[in-house]
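Okay, so here's the structure we're looking at.
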Amino acid sequence: MQKIENHVGYWKFSNKVTVDELEKYAQELAQDEKYLSFHIRKASNDQYALGFEYKPDTYSQEESTAFNNDCTDKLKRRFGNDIVGWDISSMYYKVK
């Protein structure tokens with residue numbers, strides 16, 4: 001098992017946000033090479049979530065907080081009340 005200290009998580013959207021919109025947003029974010037991957041998955045009901053992995057410059061609490069605040073700000077400006085939740089961690093364990 002390997003400990004990975006990247007930001008991983010997902011942002012969950014209302015059923016008004018389409019897969020195409022999420023793909024377009026992920027492609028825009030992907031211009032930042034710190035984003036290592038994206039995936040779109042089905043969430044509850046007719047909702048979708050955009051999952052991601054992001055490699056920070058440093059592994060500090062300050063950078064983690066700044067990342068979360070920046071993401072929240074951008075998502076709310078872009079999607080308004082159609083961003084309905086998120087779950088982000090600054091570390092995970094890779095088993096395989």
Quick check: is Val95 connected to Val8 through a chain of hydrophobic side chains (ILVMFWY, heavy atoms under 4.5 Å apart)?
no
Please enumerate all residues that pass side chain to side chain donor-acceptor pair (under 3.5 Å) together with Gln61, with sequence neighbours excluded.
Thr65
Is there side-chain contact between Leu36 and Asn6, with heavy atoms separated by less than 4.5 Å?
yes
Does Asn81 have more than 12 heavy atoms from other residues, nucleotides or ligands lying within 6.0 Å of its CG?
no
By salt bridge (Lys or Arg N to Asp or Glu O under 4.0 Å) - contacts of Arg41 (at least two apart)
none
Which residues share a salt bridge (Lys or Arg N to Asp or Glu O under 4.0 Å) with Asp46, sequence neighbours left out:
Lys42
Can you sort out the partners of Glu28 under salt bridge (Lys or Arg N to Asp or Glu O under 4.0 Å), two or more places apart, ordered by chain and number?
Arg78
Glu21 meets the side chain to side chain donor-acceptor pair (under 3.5 Å) criterion, sequence neighbours left out, with Thr18
Per the side-chain hydrogen bond (donor to acceptor under 3.5 Å, both in side chains) rule, what does the pair list look like for residues 87-96, sequence neighbours excluded?
Glu53-Tyr92
Not counting sequence neighbours, which residues clear side chain to side chain donor-acceptor pair (under 3.5 Å) with Lys55? List them please.
Tyr59
Rounded distance [0.5 Å steps], CG in Asn68 versus CD in Glu63
11.0 Å
Nonpolar side-chain network containing Leu29, other nodes, edges under 4.5 Å
Trp11, Phe13, Val17, Val19, Leu22, Tyr25, Tyr35, Phe38, Ile40, Tyr48, Leu50, Phe52, Tyr54, Phe67, Leu75, Phe79, Ile83, Trp86, Ile88
With sequence neighbours left out, the residues meeting side chain to side chain donor-acceptor pair (under 3.5 Å) with Lys24 are none
Test salt bridge (Lys or Arg N to Asp or Glu O under 4.0 Å) applied to Asp57 - qualifying residues, sequence neighbours left out
Lys34
List the atom of Ser64, the atom of His7, and the distance in Å for their closest heavy-atom pair.
OG-CE1, 3.3 Å
